Structure formats: C-alpha cells, structure tokens
Visitor: 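Okay, handing you the structure first.
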Amino acid sequence: MNTRATTVHLSPSEALTALRDAAPLVQCITNAVVTGFTANVLLAIGAAPAMCDLPGEAGMFAGLADGVLVNLGTPTAEQRDAAREAVRATSAWVLDPVAVGALPVRTALAAELLEHRPAIIRGNASEILALAGAGAGGRGVDATDGPDAAAPAARALAVRTGGVVAVSGPVDLVTDGERIVRIGGGDALLTRVTGGGCSLGAVMAAFLGVCAPLEAAVAASALYADASERAAALSSGPGSFAVAFLDALDATAASDLDARVALTAVAR
Amino acid sequence: MNTRATTVHLSPSEALTALRDAAPLVQCITNAVVTGFTANVLLAIGAAPAMCDLPGEAGMFAGLADGVLVNLGTPTAEQRDAAREAVRATSAWVLDPVAVGALPVRTALAAELLEHRPAIIRGNASEILALAGAGAGGRGVDATDGPDAAAPAARALAVRTGGVVAVSGPVDLVTDGERIVRIGGGDALLTRVTGGGCSLGAVMAAFLGVCAPLEAAVAASALYADASERAAALSSGPGSFAVAFLDALDATAASDLDARVALTAVAR
Amino acid sequence: MNTRATTVHLSPSEALTALRDAAPLVQCITNAVVTGFTANVLLAIGAAPAMCDLPGEAGMFAGLADGVLVNLGTPTAEQRDAAREAVRATSAWVLDPVAVGALPVRTALAAELLEHRPAIIRGNASEILALAGAGAGGRGVDATDGPDAAAPAARALAVRTGGVVAVSGPVDLVTDGERIVRIGGGDALLTRVTGGGCSLGAVMAAFLGVCAPLEAAVAASALYADASERAAALSSGPGSFAVAFLDALDATAASDLDARVALTAVAR
C-alpha cells in the first residue's frame, strides 16, 4: 500500500512549492462530466493526471500514484469495481461523495468505501450531512445547506474515519475532528463552471503527494480561493472564467498564498 | 411521474426570465463527448445540471428533475437501461436521436423510447427523417438534409408522439404537428463546436421546467440564435467562440429575446 | 474493408488543403478525458468527428469512416469490443497505445490489436518502447524517454506491422521502417493541456482520409507544430492556450505549412 508523505506539515505556500517540485502522479476515478477539466486543472498546478479507472488496472495504479481521487459523480459498474481496488491499494486517497443521500447506488458505494478510511472527504454541506447520516442529501451537486451547518457532522465523520473532512461553500471548512480551519475568499463564478468542486478534490489528492491530509485540504482550498479571485477579475462570464482559472492556477505565485488567504484555526 | 409545467405558455423572453428564477434541475443522459460542455451551458443559462445516468438511480432522479434529456450519442448498455428508467418516470423529457438510421443499436433504442412519448424530439433533418422512417440517416451528427426537407416528417412524428419536434439547421423549425415555428439567425460557428446541437437539447429540457413543449423548444432555439450571434462577433475561431458562447448565454438580456429573433408561425 | 486513400503522397500543405476539401469522417474510439477536446480539434481542422464506440455499431461505422482512431486511455469493456470490431473493418486506422507497458488490460489489448496492422501507431517514446517490447512503459501519459531513444524500437515496430510509427516529443519522429522524418518546432504548452497528444492521433486518422500513412503522420505533426507555436504567442497560460490552439488550427494557412516546418528525412 502507498503510504507516502502523509505526515509532512507545510503551509499552503510551502505545499504549492513542494507540489510543483514533485509533480505528483494523481489517479482520478471520476465522473464523465469533469474528466477533461479535472485533468487540465491538475496539469495547470503542475501535477501529472492519470484517469486510470479500469478494474484490473486501478488497484495496481493506485499503488504507484502519489494521490488518488474517487469521485462518485457517475459511477458506472466498472468504475465502482475500480474504486474498490484503488482504495485497498493506497491510503493517500480522497473521497468525493457527489450527490450521496437520495441516490441509492452511490450512497451504498460511499458507505462501503468509507470503511477504507479516505485521507480526505470533500463535499458540499448537503453531501457531508448525508454521508454522516445527518441529512437527506442535496439535489445533484448543489449544496442546499451551508458549510457551518455541516460542521458537527464533518467533525464526527473525521473522527469516525481518522481522516480529514473538507466542506466546500462560500467559506470552506476543513477539519480533522479536533482542529477546524476556515478558508474564505474565492469567487462564486467557480460554482458556475462544471467541475469547480470535483476538480478541487483532485487537487487535494495532488497535495496528498507532498503533505499531510489537513494541510493538503487547506492548501488546495487556499489555492482555489486565490486563483478564482484573480480569474474572476479577468473574466466576462462563466466561459472566460473557466479559461482564466486554468491560467491563474498556473500563474499563482506560491509565495503569495499564505498572505492572500486568511486561515482561521478555531479550537472547539 | 413528473408532469409539472407542461401547459404554461410563455414568449422566449418570458420563458428565459422564468427559467432564471426557477433554476430548473435538468437531468442529462447524454454522450461522453459533450457532457462537460452541456453542463456548462446549463449552468450558464441558470439551470442546475445533473448527469445522472446510472440504472437504479436514473428513474428515481427523473421523477425529481424538472426536465430530462436523453441523447443517444454514445449510449452504453448502462445508459440504455438508465434511459429506459427515466422515460418511465417523467413526461418532461427531450429525445435527441443522434445519428439514428444507419447505426442499429441506437436506432432500435430510439424506436423503443419513442413509445414513451417525448415532450420534444430534437435533431437535425437527417435524424428526424430517419426517426420518422423517411430517410437513411446522416453520417454521424452531420445533417445531410435541410430542415425544410424534414418538415413533413417532423409534423408526422409530432402527431404520432403527441409531442413537439424541433429540427435544427440554418433556420430551425419547431412543430407540434399543427403549428410550425421557424427561428432564423444564429451563427454557423455553433456547428464548429462539439455539443452545439446536443446542448441545445439540454436547454430545451431546462425550459420544459417552466413552460409547455412548443414554447420550450422555441425559447431554446431563440436563445441559441441570439447568443451565438453575439458570441461570434467576439470570436476569432471555434475555440474562442465556445468560450464566448457560454459568456453570451449568461449575459443575454431576457427582454431582448422576443425582439431580436423573428418567429414565423406558419399555418399549414 | 475500407482501404481508401492509402497511397496518395502529399506534402503537409497539400494534405491540409485536401483535408479541408474532403472533410473526412473520423471515427474515434477514445478515452473519456479527451473526447470533447478531440472532437473540437477535428472540427477545427475541417474534419467531421464521430465518437462511435459501441459494440454492434463500431465495426459498421469503421467501414464508412475515412479514418479511425483507437486510443487506449480508458478502454472500458464495451470500448475494447468496439475496437476489435473497428480494426477488422478498416485499414485506415491509428493506434494510440496510451500508458501501455505497466497496465495489464490495455497492454494485452494493444498486443491483440497490433495484429490487425494499424496504418499508424502514435505514442510517446515510453509507449513505443513498451509496445515494441523494449521498455517498461511510462507513468501514465508522461514520456520518461526521449523520442530518439525510441527510434530503433519505432523502426522495428513499423517493419513488424507494415505501417508507420510516430513518436511524439520535443522533436517528433515518424518512420515507416525505412525512412525517418523529424518534425521540430511546436510549443511545450501543448503538453500542459489534456488531449494534446491524444487529439494528434485523431488528426492523423483524419489525414488518412486524404493521403498515405507516412504523409498523414507528418502532416498532422507539422500542423500541430505550426498551430501550437502561433497559439502560444497569443496565450497567457494553459487555459487560454487550449482555446487559441483550436482557433489556430482553424486559421492555419495551408500554404504556410511546408515553409514553416523543417522536415528532415534521414536515410539510415
């Protein structure tokens, strides 16, 4: 099992520098809607994407990859088997439980995969509530609940899995069950582009290649807040924003990241 | 079965305003080539896309969705079963019979799905002719016949299904079997971007969430004509056009829509 | 079996002019990550893409298509069967053996398909070495070996299949086993966009519709070198590059192609 790099503690700036040096190999078992955008996001940040999602290959590849994303957006039967293989082969993986709650196939799969202890779970508040057994799930990928409403569920889920839970929203919330980190900023245009959230899970998987789960989730969220703000300033709508966002991810100065993004660690 | 909103009569301007207010949930069972672009189009117009295409989930989701698209571009075995579930669960659905005629798997599926009476059928002239049993089908997604050549077949198909048939081309033609509406304008660059037609079917499904099928098909066609012209004016090729088109869909003033697009209802 | 247009010898400029006149129908059995970008690339160069990858349809369609791409990036069980059908129905096909070597499913499939003698094999050096049995394969789609390191393996593979082998890298290398053509230039931003290599295979398949395999592989490589340089000059990062690249493919003056790109035929 791949157990690399799970205990290194880095600030977002340090983490981005380390990621660009390491060019981590990131395996994505993800939905058909966002594969292209997700791969482009990973290339833009300096990672090496591989969308290896076949049974018979996914487990082997997960053992080689620096980080693995399992996103449940459109989990075909083959992808479900591939996910089962992959999570047995690595501890450096991110679960994105897209639209769990109301929909039975993915909800059952999420429950099953959860037993394999994802390093990070990333979702919107509705998804985290549903996964924790505390809500009914959203309608599709929309969040119908705010991140803070999901804080208790996120902490309980983190304690239960021994991992980190990241709740995306206007202010992102990341917790390991003890610490809670909030990352503000970012631009709402990111919610007008398909894959805005799904690709964030992939970026968290990339950061798992260079630092511990809490730092990985925070660095990814900080990078998204920073890049989405700069992209929005250059955009005239959701189409040009998606293009500018990829350019901004590529152009982000790692040294700016800590200063630009306010991280608030709240002991509770 | 979801039978919402099938009898409201709105002009294109009124329909777009209603759509932006309602943010309809649109389920897409669509081909692998255009999923990302289609989702981005739906987000740009103010709808909420969900590409839920799994057997065991698709029927349940169709009952919740405000509109459903079934596009036969690359119908895997799982998608075919998902489509069968979905069309049993809603009457608010659009059939896009991509490349029917020559290719046996999708042609048989289209014939089967047709029995479940799509609210709207959208295709190019060759596809409509083939679906009506009056032509041999195009080569891939190219139209080899013009929209007017398909008018009699479109009317016959509309009468047979009790729904609306929309034929895409230089001038779009929409008919419910009695009325024929033609929507002119638009820019040919839309045919140089993959998903230009496929995403139009998704937009028609979105409008089914707020108005009756004839009005939904007309509003979607009018929006595409308007947005594609404005995008073309800002573009230097098919790549920049696709980006500008998403921006234009987002920026379209609903109040301009009726005035900018000439609708010609022809009694025949 | 489709055996059209395999012996016409054209310069890159002549080939591009012929392609735009003929608008060849190109069937792609390709991976989920790059389908949209690949279709847009084909539309931009003036070809007609069709991503027909279903068992029961793929063989029939391959007999109609002017060129066929079989790309092994994410070969689902259905795609594997579709590929088997297609390569029996045409000789005008391109094999892109993505990530062969380490991963067993695609490696076995590539070996099987190779018996059906692709007109062109396109890959990076690691993939060509692995396919020729001379290397361990790359990590995902990254090349870990340079094109010249793969020259002997490429020539051996070309002799074995009776086709052409194209090795992508900073300088592209194309060989039919006797002649070696090198195509320099191009911009590295093409490696920062997903599908940069995969779509090149599709463009080679398009050129197979108008000229012989060696000329088709060279023309496609020359077009990519030319368009990627012009796009890079207008770009501020990988996002805007991908957009500008599509525009550049559309705008390339065929008459410029021979003059701008240095072709070095080396007798060895």
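In this text, all values refer to a predicted model and were calculated from it rather than measured experimentally. All values below were derived from every heavy atom in this structure, side-chain atoms included, with hydrogens, water molecules and symmetry-related copies excluded. Throughout, a chain's letter reflects where its sequence line sits, starting with A, and its residues are numbered from 1.
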Visitor: Testing the basics here: between A:Pro238 and B:Leu246, what is the closest heavy-atom pair and its distance to 0.1 Å?
Guide: CG-O, 4.1 Å

Visitor: Under a 4.5 Å cut-off applied to non-hydrogen side-chain atoms, are A:Leu103 and B:Cys52 in contact?
Guide: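 Yes, their side chains come closer than 4.5 Å.
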
Visitor: Given that the side chain runs from C-beta out, which part of A:Val34 has a heavy atom under 4.5 Å from chain B: side chain, backbone, both or neither?
Guide: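 Contact with chain B involves no heavy atom of A:Val34 at all.
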
Visitor: What part of A:Thr35 is in contact with chain B, defined as an atom under 4.5 angstrom from a non-hydrogen atom: side chain, backbone, both or neither?
Guide: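 Neither part.
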
Visitor: When you measure from the side chain of B:Asn40 to the backbone N and O of A:Val193, does any donor-acceptor pair fall under 3.5 Å?
Guide: no

Visitor: To the closest 0.5 Å, what do you measure between OG1 (A:Thr191) and CG (B:Leu43)?
Guide: 8.0 Å

Visitor: Under 3.5 Å, is there a donor-acceptor pair between the side chain of B:Glu78 and the main chain of A:Thr76?
Guide: no

Visitor: Would A:Ser240 and B:Asp247 count as having a side-chain donor-acceptor pair, cut-off 3.5 Å?
Guide: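 A pair is found: one side chain offers a donor N or O, the other an acceptor, under 3.5 Å apart.
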
Visitor: Run the side chain to side chain contact (heavy atoms under 4.5 Å, CB included) test on B:Asp250 and A:Arg192 for me, step by step, so that the C-alpha distance in whole Å, both residues' side-chain angles and the decisive distance to 0.1 Å come before the verdict.
Guide: CA-CA 10 Å; B:Asp250 173 60; A:Arg192 304 285 309 283; 3.0 Å; yes

Visitor: Are A:Thr74 and B:Leu54 close enough that some pair of their side-chain heavy atoms sits under 4.5 Å apart?
Guide: no

Visitor: What part of B:Met51 lies closer than 4.5 angstrom to a heavy atom of chain A: side chain, backbone, both or neither?
Guide: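 The answer is both parts of B:Met51.
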
Visitor: Check each atom of B:Ala44 against the heavy atoms of chain A and say whether the ones under 4.5 Å are side chain, backbone, both or neither.
Guide: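 When you check distances to chain A, atoms from both the backbone and side chain of B:Ala44 fall under 4.5 Å.
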
Visitor: Quick check on A:Ala242 against chain B: is it the side chain, the backbone, both or neither that has a heavy atom closer than 4.5 Å?
Guide: neither

